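Comments concern the structure below.
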Amino acid sequence: MDRTNGSTQSHFILLGFSDHPHLERVLFVVILVAYLLTLVGNSTIILVSRLDSQLHTPMYFFLTHLSFLDLSFTTSSIPQLLYNLSGHDKTISYVGCVVQLFLFLGLGGVECLLLAVMAYDRFVAVCKPLHYTVIMSSRLCLGLVSVAWGCGMANSLVMSPVTLRLPRCGHNKVDHFLCEMPALIRMACVNTVAIEGTVFVLAVGIVLSPLVFILVSYGHIIRAVFRIQSSSGRHRIFNTCGSHLTVVSLFYGNIIYMYMQPGHSSSQDQGKFLTLFYNIVTPLLNPLIYTLRNKEVKGALRRLLLGNRKGGKE
């Protein structure tokens, strides 16, 4: 079988959930509603954080980037999925597949690092409150975010070509609803043990290293919390840090399961639903978990709405 034609297809066929046609209409409605709510929730966070001066703090600066990431991450694949679910056409162009893979890997890597940055922000706020404003300067915050974006995208620049260069011997059916790395590796017509090992090593750097940093940061935070005498102070810290830990658990639980065992080892149907959860449910829940339940954000929304009403009356 010719191994040189693996990268010359003009398109791919995303099989998605075509094995379960009775689910496609239900999934279309559920995913469409979830996608619209994701757009509204994350856009609200970005607008409120930018427009209300009281939210111009490092925490909300990082949350703004997290919301932008979630918007970009979801939009990189969900519109294509909705199109494929709505009819019989399951195709995606080769260029579209390349872009989807690059964004999926890149934005996922950025989010790993950004969650670590946010853990550091909470560590400084809890463990060094008197020096917080000095340490978390605008320059440092911008630098940390820039490093997260740069490293995440650089990781994708390495992993995407490695995946796409695998010989596919003319196979163009992707057993997934998007062009993601494990599904493309399964299409290869060569032994993929070496490439899976490379992916595993890179995943350790971009996925596990930030997670270790997050766990170490929270180890210091927990020790600091037990030294606080005020119950209200403890409650406030647990409220903020608990939200972040919930987001970390949702994000890392899925990404570690999927990408630390990339090839044939996991159930393909299970992988599809896990990716769907990771791609739409987590970005949908993040605003609710992290920000929209926050009193500061509710106050900012109230001020903006009341301000607009007063402006309209005048």
Side-chain angles (χ1 to χ4, degrees), residues 9-44 67-108 111 156 160 163-164 168 170-188 247 250-251 253-255 257-259 261-264 266-289:
Q9 294 110 339
S10 61
H11 69 278
F12 288 95
I13 298 172
L14 298 173
L15 297 178
F17 301 98
S18 55
D19 289 343
H20 310 283
H22 59 286
L23 280 179
E24 288 193 324
R25 288 188 179 182
V26 176
L27 284 173
F28 178 84
V29 174
V30 172
I31 292 169
L32 177 60
V33 172
Y35 179 56
L36 293 175
L37 290 174
T38 299
L39 294 179
V40 171
N42 285 286
S43 297
T44 299
S67 293
F68 178 73
L69 265 175
D70 286 338
L71 284 175
S72 304
F73 187 72
T74 304
T75 302
S76 70
S77 60
I78 293 303
Q80 177 71 44
L81 173 59
L82 290 171
Y83 172 76
N84 291 345
L85 287 173
S86 65
H88 297 291
D89 185 7
K90 310 294 183 184
T91 61
I92 183 173
S93 68
Y94 180 82
V95 173
C97 187
V98 171
V99 171
Q100 201 173 71
L101 175 65
F102 175 76
L103 291 177
F104 193 77
L105 289 175
L107 295 174
E111 189 154 351
S156 184
S160 299
T163 304
L164 291 166
R168 292 182 292 275
H171 300 156
N172 69 341
K173 292 183 178 180
V174 183
D175 192 10
H176 216 294
F177 64 83
L178 80 163
C179 291
E180 56 109 47
M181 189 174 57
L184 292 174
I185 290 176
R186 283 195 294 267
M187 291 173 63
V247 170
L250 284 171
F251 180 80
N254 282 280
I255 200 172
Y257 185 87
M258 289 187 296
Y259 291 104
Q261 44 176 3
H264 300 269
S266 59
S267 164
Q268 293 178 21
D269 279 344
Q270 186 182 43
K272 291 177 189 177
F273 284 103
L274 280 171
T275 305
L276 186 62
F277 185 91
Y278 167 59
N279 213 21
I280 188 67
V281 178
T282 302
L284 170 64
L285 293 178
N286 281 356
L288 299 174
I289 294 170

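Source: prediction; values computed, not measured.
Between atom CZ of residue Arg168 and atom CZ of residue Phe12 there is a gap of 4.0 Å, rounded to the nearest 0.5 Å. Rounding to the nearest 0.5 Å gives a distance of 11.0 Å between CG of Leu27 and NZ of Lys272. We find the CG-CD1 distance between Asp89 and Ile13 to be 9.0 Å, quoted to the nearest 0.5 Å. Ile280 contributes atom CD1, which lies 11.5 Å from atom CZ of Phe277 (distance to the nearest 0.5 angstrom).
Aromatic ring centres of Phe17 and Phe28 lie farther apart than the 6.0 Å criterion allows.
Leu14 and Gln80 get closest at one heavy-atom pair: CD1-CG, 4.1 Å. Across Ile92 and Cys97, no two heavy atoms sit closer than the pair CD1-N, 3.8 Å.
The side chain to side chain contact (heavy atoms under 4.5 Å, CB included) with His176 is formed by just one residue from the set Leu276, Leu184, Thr275; it is Thr275.
Side-chain contact between Leu250 and Ile289 is present, with at least one heavy-atom pair separated by less than 4.5 Å. No side-chain heavy atom of Ser77 sits less than 4.5 Å from a side-chain heavy atom of Leu103. Leu15 is not listed as a side-chain neighbour of Lys90, based on a closest heavy-atom distance of 4.5 Å or more. Put simply, the side chain of Asn279 does not reach to within 4.5 Å of the side chain of Glu180, judged on heavy atoms.
Although no hydrogens or angles enter the test, the distance criterion places no donor-acceptor pair under 3.5 Å between the side chain of Arg25 and the main chain of Pro21. Of the possible polar contacts, none joining the Asn84 side chain to the Phe177 backbone as a donor-acceptor pair under 3.5 Å is found. Side-chain N or O atoms of Glu24 include none that pairs as donor or acceptor with a backbone N or O of Gly87 at under 3.5 Å. Of the possible donor and acceptor atoms, one in the side chain of Ser156 sits under 3.5 Å from a partner among the backbone N and O of Phe102.
Ring geometry for Phe73 versus Tyr278: interplanar angle over 60°, hence perpendicular rather than tilted (30 to 60°).
The salt bridge (Lys or Arg N to Asp or Glu O under 4.0 Å) analysis of residues 98-108, with sequence neighbours excluded, yields no pairs.
Thr75 pairs by the side chain to side chain contact (heavy atoms under 4.5 Å, CB included) definition with Tyr35, Leu39, Pro79, not counting sequence neighbours.
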